[in-house]
Amino acid sequence: MKRKSSLISQQMSSQRKNTALLAVISLALGAAILSQAGLLAEAVQRVFVERATFSSVIALLGLLLIVMVVRTLLSYGNGKVGLRMAATAKTNMRAAVLQDLTQASMPSTLRGQTGGKVSIALDAVDEADSYFSQYMPRMMEAAIIPILILIVTFTEHANTGFIMLFTAPFIPLFMILVGLKTKNKSEEKYAQLAEFSGTFLDSLQGLVTLKIFGRAHRQQQEIERSSLGYRDATMGILKIVFTNTFMLESIVMLSIGIVALELAIQLLVFKSMTFHTAFLVLLLVPEFYSLLKNTGTAFHSGRTSMGAIHKVEQMLEETAGKSEDLNSTEGAGTSDKIVEIDNMPPIMELDHLRFQYARDSFELKTGEITMGPGEHIAIVGKSGSGKTTLLHLIAGLLKPASGTVRVNGSPLSQFDENAWFKHVSYITQHPYIFAGTLAENIAIGAGGNITSAEIERAAEEAGLAALTAQLEHGLGTFVGEGGRGLSGGERQRLALARAFLKRPAIILFDEPTVGLDLHTERVLQRSIAKLAKTATMITVAHRLYTIQQADKILFMDNGVLVDAGRHDELLERLPQYAEMIDIERKRGEHHE
Ligand code: ADP
């Protein structure tokens, strides 16, 4: 239970000033409500009972008008403070979610639906709004103003005070009962919404694949199913809310009726009270109940918000738990990330690495391997033998379950992540292109202060000049989502241009498996070679040429790093390797 509200209490403690402001405004609002009722009762008493002239009450009416204006302003102020609190809280929560997503480890990033995460980051955080903008101000008002009203009513006419005191608890009692019900419902609604958005986004992203495999229709049904689920959950909540409102209204009407009856009897039958008192009390009673009733609505939206906030918390806790798991396996010395790295190609060592994505599945194992500064390493092996996994371990994108990756003699886990990635470029087969111009896409990750001349040079070195020359807007052309599409070769050249701006000490390269045209391949090869002159380069290699040129070849078989050495060495002592090369060679001849 303590954990559940921790995010809220965190927000609350960071917003003490606003909470205090809410209390002060509520107090003033209470005073305004009381004065308004008092002035109105006085005016009516004078005009209708004492038959005073209009001019004699004009000052009174003026004062009443001012009090009413002040009351409106105070109400507005309370709302404003609530909105400000909500905005701050949402900004903080969204930042926490984003930070969580960006700092999460690779495995946890890959887990779960992207759409589901988007839904939490956007919708759930939005829904948290009403906790601060509605629930907080209303609760503050409800905690202060009804007590003021009660005090005045008791001093004016104790009987009514008792009636109010007796009926009031029914409202919160009832609210709590209903609120508990909606809380579960709204958590359910969140699960449904996240699933719905998840299915939707994932289907959109995979639309081409789905179409090709004739699955688009099935997926449509899937979307329909989860959208119906979401609708039902929403309707369920609405049903509870409407019943809730109806019951609350009934209780309030009944209570006001009882008070009015009592007042009428006192006034007309027993003649035991003045008109002024009766009228004043009758004005205050509806205010009292309407405040409590507002709390009911606020309580409901507060509950919905709690459901949403709980979802966000769950997500934050989940990833926090996961990364703790991962860190704990690394052993001592992980906390002080102090090791510095300069821009010289480092010595890298693999020391008995072990890694598994999940229990009882694929396991990666290595022995001791040293990769000298500036060496060009090729990782080879069949598809699924663990080449990419090894590359990710070397990059620090995955954390080994045991064993160490050492860079210049220090474990990789002791490096500051940002400092490390500043010196690493990873050119995947499908580099991600962000929505934006070509220039913006190249400049990504190179830090600030990049001139357009530098970007142009990088593009040229990566062999993009021919492409940009064709384009009307050159490097200013929009690419990525909503922009011009890029071919596989162009994407890789873009990734290369990013690397040319960065001039990394370590290059990780996932060589294209599918054949690019000869020209593109030459351009790529030449650019990579240029970039690799000043770096340690580790390539998941498929091209015979790349393999033969490598200073060291790491041969992977079924997750095990079997052997490492130069091409001619491996040819001689590793029959599996010779066999692989033989197949590659034949395939190469076939293609020519
Ligand atoms: P390669 O690059 O040699 O084709 P990978 O390193 O990509 O091989 O994959 C090695 C094995 O690990 C495969 O059996 C693959 O199914 C599995 N694998 C790869 N990525 C994941 C992942 N994110 N979660 C679980 N298993 C994975």
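Source: prediction; values computed, not measured. Counting starts at 1 for both ligands and their atoms, following the listed order.
Across Ala458 and Leu501, no two heavy atoms sit closer than the pair CB-CG, 3.9 Å.
Residue Lys90 qualifies as enclosed at atom NZ: its count of foreign heavy atoms under 6.0 Å is above 12.
In the vicinity of Thr389, heavy-atom distances shorter than 4.0 Å reach the ligand 1 atoms 5 (P), 6 (O), 9 (O), 10 (C). Residue-ligand proximity, Lys382 to ligand 1, at heavy-atom distances under 4.0 Å covers atoms 3 (O). Under a 4.0 Å criterion applied to the non-hydrogen atoms of Tyr357, ligand 1 contributes the atoms 12 (O), 17 (C), 18 (N), 19 (C), 20 (N), 21 (C), 22 (C), 23 (N), 24 (N), 25 (C), 26 (N), 27 (C). In the vicinity of Lys387, heavy-atom distances shorter than 4.0 Å reach the ligand 1 atoms 1 (P), 2 (O), 3 (O), 4 (O), 6 (O), 8 (O). Set against the non-hydrogen atoms of Ser383, the atoms of ligand 1 under 4.0 Å away are 4 (O).
Of the candidates Ser361, Gly384, Gly381, Ala358, Gly384 brings a heavy atom nearest to atom 4 (O) of ligand 1.
The closest donor-acceptor contact from the side chain of Asp351 to the backbone of Gly403 lies at 3.5 Å or more, if one exists at all.
For Thr468, the side-chain contact (heavy atoms from CB on, under 4.5 Å) criterion is met by Leu438, Leu475, not counting sequence neighbours.
Heavy atoms of Met556 found under 4.0 angstrom from ligand 1: none, in either backbone or side chain.
At least one side-chain heavy atom of Pro373 sits under 4.5 Å from a side-chain heavy atom of Ile347. Considering only heavy atoms from C-beta on, Arg498 stays 4.5 Å or farther from Tyr426 through its side chain.
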